[in-house]
Each structure stands twice: as structure tokens, then as C-alpha cells.
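Read through the structure below, which is laid out as C-alpha cells, and then see the notes.
Any value given below was found using the heavy atoms of this structure, including those in side chains, with hydrogens, waters and symmetry copies removed.
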Amino acid sequence: MNNKLQKSITLFHGPVHFLSSLYPPPTPFTGVLAGEPSTSGKQSSPLSGNHELKLALNVLQLDLTYSSWLTPDSTGLNIDMKVIEWVQSYDSQGMLGRERLSHFYSVVSLVIVLSPLVCSQIPLGSKISVEEKNHWVSPNGDFEIGFFNRLNEYGIGIRISSGLIPTEKQPIVWVAGGDLTVGDKSYFELTKTGELVLFDSTRGVTVWASKTTNSSVDSAGLQDDGNLVLLKQNKDIVWQSFDTPSDTLLPGQNLSRNQLLRAASRSSVSSLYSLRIGVVGDLELKWENDVVYWRSASFPSRSALRAVLASDGAFQLFDHMSSPIWSVFSDDHGEPDVKFRVLRLDVDGNLRLQSWSKNSTCWKLVWQAVENQCDVFATCGLTGICAFNESGFPVCKCPYSVSSLSSSSKCLLPYQQSCESGSSMIKLDHTSLYAIYPPNETIITQVSSTQCQNLCQEDHLCTAATFVNDGSATCKIKKTQYASGQSGLYIPSVSFVKICIDPIAVIPNLTKSKPESPSQNTPPKQNHLSVCVSCVIGVGGGTIIVFIVIHLGLMAFWIYRKRYSFKTPDYPPYTKDGPNPSGFLALSYTEVKDITNSLKQRIGSNTFKGILPENQPVLVKDYSNVKVDPRKFRCGILKLGSIHHRNLVRLEGYCCESGYRFLVYEYLKNGSLAKCLEDPVICKRLTWRKRLDLCLAVARAVSYLHMGCREFIGHGSLSCGNVVLDENLEAKVTEYGLTSFVGDAADGGGGSARDIMDFGYVVLAVLSGGPNGGCDWAYEKWAGGNAGEIVNEKIEGGVNGDELERVLRIMFWCLQSDERMRPTMGEIVNVLEGAIAVDPPPPPSSCRRKLAMEEYGSGSESDV
């Protein structure tokens, strides 16, 4: 047996430890068992008492000794069968006796039953690197953890490595850090302090860690079920990969309420598809944090706590009594030949259960959540709408003929509000369209197809409309270019797409006039070649002039690029920014001064306005006065740079050079919410509907940070100062996740309870229109039946009483002094959307006017 395989396997550690606790361990096997004649001719004492157990334990050590029985494709069961065959051959003369031999088989059977609990022993200090191409392997050889190629870089993950499956068809079932990719000199290590870390050689920082430094970890192990575990000396599990799933569930793995599966991404941006247990206890397939496009059956009286994939092909939801409340079964449920099963949320947003049998040549699809792939929300993204081709496979096509003239790969609705030449409508039969960014539509009922078309034609904001002809007579108006949908004869809808009527350019008449008839005075043409001196001089002079013009143009372009382009400098590692795989800008301090006009365009405290190339405005925030380790700063920023949500301000870039620390954010015209609430002009535009949408937008953003990202991200300092509004008064949250590595680290970065309480204060400020008497004052007004006095009296159009009651109730729940009584952000979103009801809250005794005023006035962008 080779050394690599010997080191990767510690056979039957758990069963041996269990049996040894009952009886003293036997002496190591040396070729002579108790009761076997020795080579010296002396007879050993016969078996008695616990000799069968000692024989079994000796046989277990025999498994480790006789390497000829252990091949890379062997499993624990194969080894045990060879052991039994050896005992049978040994007892061919009946020395053990039938009864004792039966006892021995019982002990070996116990070991076989317990063998799935066995894991390979990985000592502290072990390391896997990209360069060495080494792996950690499970005892049965079915799973291994190592680096794999991903987007021209590398990821670290667990794959099914059984010899039954060809290498190219061995799936990755768990990935450390989700979509993280690292360079070609990176490594994955179990440190001496008991922590798993992934070090990226490109960035020179640790990009993922198990955070188990102070947990008394003694070793690690990759179990036969594919679970990577960190163990104490007494074999208690400290951390396990089954608790942090990526896109796959393995048999025996739980998906609990606080976990989710997120599909792998086709690019460097995290996928928007996820699977989780919803608020009402059902399974939900979601796009972003809003659109649920598939759900299991729900049972309000029996809420699900976990979902489990069984080894026989059943996928079930269990309640708190561990009773199944919902089940689906694979097409090959219970078939004994199935060797492997995986439940994966694929990149196209569909949840599929696949299996591999002993004689398979490919993975077999045995169940999927969404039968019609075109029913998966945004399955085509921005590349068109979903339809089935002649072979019955789903494809993406772009039916907007106007956009086909564009060189862009995106398929966008062609109409823009800047269209000044009028518009017309394209009719698409058997086609249903829906908006993606944002996924909101105006729904009008009891209209005809012609009325639906006219409604969109007359609305200058409308880009497309869909009339649903299923008896509901519903018209869905879209006001964005970002849309998708599906088409087919089975679709009972017709869509109307608006296009601009652009003027047609005059085509010059290139028809040559007829040559004049030669007259008598016209000299006859000569047959030989004649040279026109004036023509030669004209052509040569023109060529020189064209050359000079082109040369001057190239020089001007080179000067422009040299002044305004931003190139990531080739900085030495650990001191300055290196290549940036996340796609946003890594700027030097000189470039920061260039885009901010030498930091002269100040618009707030440590805040500046800047202009990127192509006249893109940005907001630059200076954190140079904060002491933060460059590696910690860079690692934190790279994580935040991969977060994308329509209600989160986009992080465009950063600067981490010497003592300078800057963050570059997307610029929003109207600035902070705190400023807008003090502006009478903007405040007048904040109708009740706008204010309710504003609260919902903030709740969705924070909910995405808490539950939509692969790792929990707390805002830590949510206030009216870091909620900003764009030109349409739509809210976005900024400066999220910074307190974990920037600012006062004593607050621990802020947890979900802190964010939820802060959200309550933001809602109070939005309703009251600014500084108020605090939440105690507001609660007294509400409890006394005077809820209307809490709301700003300047709100135009009045207030919806039912919606106000719902908002106030959830606000007071957010402000409870006992953190355990506060709702989750996901529940807050559902309440604000009207999906679930909320009970009357008790008095929020922690409220103090001073705290409310401080929370309202805090935030670094309050004066923007």
C-alpha cells in the first residue's frame, strides 16, 4: 500500500475506540492469533472468555497490516468481507466452534454497521496546495477534498471521487467560501490552532476560515458520507461542512431554517437563485430575495424545521417532532443498485435530484422541482425569453427585432424614455413578459387586449405590457428595459413591446448618370495609358494630410487615456493592491485625487464627489483616519464587492495604499434620507406610498445582508444617514458591513438584533418626518388610539389606516428591549408586504428619546 493512501486512512477508529472501552485492547497482530499454533511448535492457550472479541480486534488491526487487501477502490465493507473469508479459511478445521464463530461474526457485523461513522484522520498542520495537487481522502475512497479549476482560477471543495464514476463526471458537492476563487499558489490548511484556512496567493490574504481557533480542535476528518469535520480529542464535532452547504445536499445532510442552498454562478458575481425554508414552513426556490417561483406544500399548523435527503431517494420536510410533513420520492426510490445521490440547485435555478448506479455511465435525473424550465424566474437572465425548440429543449431567444441591431449580448426592451420621435407597439402572440430589475409591475384588471395595449402606448414610462387571456382579463404594465419571459403555444398571453419610431436617414442617389454621346469635337480615346500629373499631386497631398490628421488623433487619444484611465498597478504583495478578481476598481491615492479634483469636491464629512471615466459620478469616502490592518481592510472590501442587490448602494472601488483608505460608492442624486426628511421640497414628494416603499426597500436590503449572502453580514450602524435616495426617491442602503473591519471594533460588527432595532428607529423617523418624541412617546400615542399623530401631518394624499397599523406594530416589535422578542428581517419584509399578520406588541421599555435622537442624527452621510 502506498504511503499517500496509508496516511489518508485510519480504519475503524470509532468502532475500535468503542470496543476498547469495554475490553482491554489486544496486542498488535503479528501473524499469530490466540489459539493458533506458533512456529516454535508450542501450543497457545485455547480461546476462552472474550477471545472472540480479541480476535475481532486483532482482525481489525490485520486490515491495516495486510496492505495487499487494500486497494484504492476498496471500501470498508470489501475489507471486512476479506477478513471474514480469512477467518473462515483459518477455521476450516473447526477450531473456533460454531457458537464462537457466530459471536465473532456478530462483532464484525457491529463494526460494519458503525463503519459509516469512520473518518480519515487529518492531523493539525496538514496542508493542501494547488501546486502539489494533493488531496484528503475519505476512508472508503468515495470523497476527496482538494483544489479544482474554476473561472481560470481555483476553488477548494469536496468532490465524489469514487472509481465507479469517470473523473470528468465527478461532481463538486461542497465549496469553501461559495464563489471564492484563488490563485495558482494558494493553499488550504488545518492550522496548529485548529482552524481551517484558505490562503489566496493572488491577494496575499486569508479569504476564508472556519473560525475555530479557540475551540480545542485536535484533528480533522473527511467522513465516508462526504462530511468534513473538525474534532476535539474526545471526537466531539466542533465544526462540519454539512452545516455550511453550498449548492448540494448529500444523503443524511440537513437543511435547517437558518441555512440555504445557493446555486453556483456562471460568472464572478454570486448567483441570485437560492433554496430555503420559508416563513410559513415550506420549501421555497427564490430569485434574489423577493421572487418565489416554486414552493412545496405548506401546512400552517405544522411548521417545518429541517429538510433531509434520505439515502433511499426520499426528500422530506420534518417538524419539531421529527415527523415528516412533506415528501417527494425519486423515480428510483429504494433501488438497491444506486450508489450515489445528490440534490443540487443548478445554475439555471432548478432543483434536481440525480443518482448514479453501479453500472451507470452518466448521472440519471430522478426528480426535479420545476417541471417546465421556462417557469424558473429569469432562467434566461438578460439574454432573452425562454422557449422550447423543435427537439423539446429550452432555449433563450430575443424576439425584439430592434435590439438585434445592437452588438450587446443583452436582450433589453428597446424603448427608452428619451425617445422623442414617437413610438409604436410590436405584438408578440403566446408570449408572457415580466420585469426583472426591478421585478415590479403595475397590474390592471378587467380590461381588454386593446385597452392594455393603449394603456402602455399612452404611458411614457411603459416599455412593454402583457395581457393575460386566461379569464382574468389582467394587464401587466412594465416600466423597465430589463425583462424576460417565456413563449409557446401553451401560453395564454399576448405581449406588446414599445419601440421608438426613429426617422429614416435620406439615402443618397448613387445611380450614375448616363454618359453623354460623344460629339464630333470630342477627341478620340487613346488606347495607351496616360498619366494625369495634377491627379497624382492631389492624391499624394491628400494622403499626407490624412496621415497627419490620424497621427494627431492618435496622440490626443493616448494623452486622454494616460490622464483618465485607471490601471491596477503591479504592486508588490502585502503592501499595495494587486490584481482584483471582483471586477471593481483598485485605485492608487494619485488616482483618487484625480477623480475628486484633489479632494476639493467635498460634499460631506470625509465625503467627496468624484467622476470616473465616461462621466460616471461616484461618492468617495475617506477612512484614512481609521487605524485598520491593510490585509483586513482589503479582505473585507473584496467580500463586500461581491454583494449585489438593487436596494444596496454598489461598491465601485477602493484605495488601500500606505496610510490611505478610501471607498468608492455609486452616487445617488438626492443624498441621505436624513437630508431628504429636512428638505421641504423632497419631503412633499414623499407620499404615504413612497414612505411605505422606502421602509420596505430598507428591510429587503438588510434582509439580503442577513439571509441572502453566503455568510451573514450585519450592517452595524443602520440609520437615516446611510439610507440614500436616487432621483426617483427609491431607497438604497450604504456603508453596510464596515463595522467588522472599519471603525470601532469593540461593537463586534453589529449582529442581526442590533440591525433590527436600528431599522425600527429608521421607520419611526420616516413616519414622523424627522426628530420626534422617541418610541415611548410613539407607543403612548398608538396605545391611546392616536396613531395618526405619530405620522407627519405634511404627508400629501393622506395615510392608509390599515397599513399604518401594520407598520407601527412591526416597528414596536423591532424596538423591544429583549432581543429574543424581535422579529427577523425576513419576517419584517413579509409583514410590510402584507403577506403575514402581526400581533399587538408590548411596550418597548428600552426606548429613550436620547437614543432615538442619536440614531436619527448618526451616519457619516447625514450632511450629504
Side-chain angles (χ1 to χ4, degrees), residues 247 261-267 269-275 284-288 290-295 344-354 365 367-404 406 408-415 426-441 443 452 456 463-470 472 474-499 646:
D247 63 349
L261 295 186
R262 185 173 295 281
S265 176
R266 292 186 176 99
S267 63
V269 180
S270 296
S271 173
L272 299 177
Y273 293 112
S274 64
L275 171 73
E284 295 178 343
L285 283 176
K286 276 191 172 185
W287 183 85
E288 264 202 357
D290 309 288
V291 181
V292 177
Y293 56 90
W294 175 87
R295 65 172 75 241
R344 169 175 282 109
L345 180 56
D346 287 321
V347 293
D348 61 6
N350 210 338
L351 183 67
R352 296 183 176 92
L353 178 58
Q354 296 177 304
L365 177 63
W367 177 81
Q368 67 180 20
V370 186
E371 290 298 329
N372 184 346
Q373 182 60 37
C374 289
D375 288 337
V376 175
F377 188 85
T379 187
C380 287
L382 296 178
T383 61
I385 64 175
C386 183
F388 289 91
N389 60 17
E390 295 179 354
S391 301
F393 293 102
V395 295
C396 298
K397 63 179 183 178
C398 186
Y400 323 130
S401 59
V402 175
S403 62
S404 64
S406 172
S408 172
S409 60
K410 295 181 180 179
C411 179
L412 306 181
L413 293 174
Y415 180 76
I426 298 176
K427 183 181 180 181
L428 302 175
D429 291 320
H430 302 292
T431 301
S432 175
L433 301 179
Y434 50 79
I436 299 180
Y437 299 109
N440 301 328
E441 298 177 325
I443 300 178
C452 183
C456 183
T463 56
T466 295
F467 176 74
V468 183
N469 194 21
D470 59 355
S472 62
T474 301
C475 181
K476 300 179 180 180
I477 302 293
K478 282 149 276 290
K479 299 182 180 181
T480 176
Q481 283 189 278
Y482 304 101
S484 186
Q486 58 177 311
S487 66
L489 295 177
Y490 59 92
I491 301 295
S493 301
V494 58
S495 293
F496 305 96
V497 177
K498 185 185 292 187
I499 61 172
R646 72 174 185 274

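Shortest non-hydrogen contact noted between V497 and A464 is CA-CB, 4.2 Å. Nearest heavy-atom pair across A378 and I436 is CB-CD1, 4.0 Å. For F377 against A435, the heavy-atom pair with the smallest separation is CZ-O, 3.6 Å. When every heavy atom of L428 is checked against every heavy atom of P399, the shortest pair comes out as CD1-CG, 4.0 Å. Across W367 and L365, no two heavy atoms sit closer than the pair O-CD1, 3.4 Å. Nearest heavy atoms, K476 versus V468: CE-CG2, 4.1 Å.
Summarising the geometry, atom CG belonging to L275 is positioned 13.5 Å from atom CZ belonging to R344; distances are rounded to the nearest 0.5 Å. Note: L433 CG to T463 OG1 = 9.0 Å, rounded to the nearest 0.5 Å. Here the straight-line distance linking atom OH of Y482 with atom SG of C411 works out to 12.5 Å at 0.5 Å rounding. Rounding to the nearest 0.5 Å places CG of L345 at 9.5 Å from CZ of R352. Taken to the nearest 0.5 Å, the CG atom of L285 stands 12.0 Å off from the CG atom of D375. Interatomic distance, L412 CG to S484 OG, rounded to the nearest 0.5 Å: 11.0 Å.
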Chi angles and distances behind the side chain to side chain contact (heavy atoms under 4.5 Å, CB included) call for Y437, E288: CA-CA 10 Å; Y437 299 109; E288 264 202 357; 4.1 Å; yes
Take S493 and F467 through the side chain to side chain contact (heavy atoms under 4.5 Å, CB included) test and state the conclusion after the steps. CA-CA 6 Å; S493 301; F467 176 74; over 6 Å; no
Verdict with reasoning, K498 to L413, per side chain to side chain contact (heavy atoms under 4.5 Å, CB included): CA-CA 8 Å; K498 185 185 292 187; L413 293 174; over 6 Å; no
I would like to know whether V347 and D247 meet side chain to side chain contact (heavy atoms under 4.5 Å, CB included); could you show each step before the answer? CA-CA 9 Å; V347 293; D247 63 349; over 6 Å; no
Run C386 and C380 through disulfide (SG to SG under 2.5 Å) and show every step you take. CA-CA 6 Å; C386 183; C380 287; 4.7 Å; no
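Checked by atom type and distance alone, the side chain of S495 pairs as donor or acceptor with a backbone atom of T431 at under 3.5 Å. In this structure, the side chain of Q373 engages the main chain of D348 through a donor-acceptor pair within 3.5 Å. Not one N or O on the side chain of E441 forms a donor-acceptor pair closer than 3.5 Å with the backbone of I443. A donor-acceptor pair under 3.5 Å is formed between the side chain of W294 and the backbone N or O of A369. Judged by distance alone, the side chain of Y434 and the main-chain N or O of Q486 form no donor-acceptor pair under 3.5 Å.
Counting non-hydrogen atoms of other residues, nucleotides and ligands closer than 6.0 Å to OH of Y490 gives a total above 12.
The shortest distance between side-chain heavy atoms of Q368 and V370 does not fall below 4.5 Å.
Using a 30° and 60° split on the angle between ring planes, Y293 and Y273 fall in the perpendicular class, above 60°.
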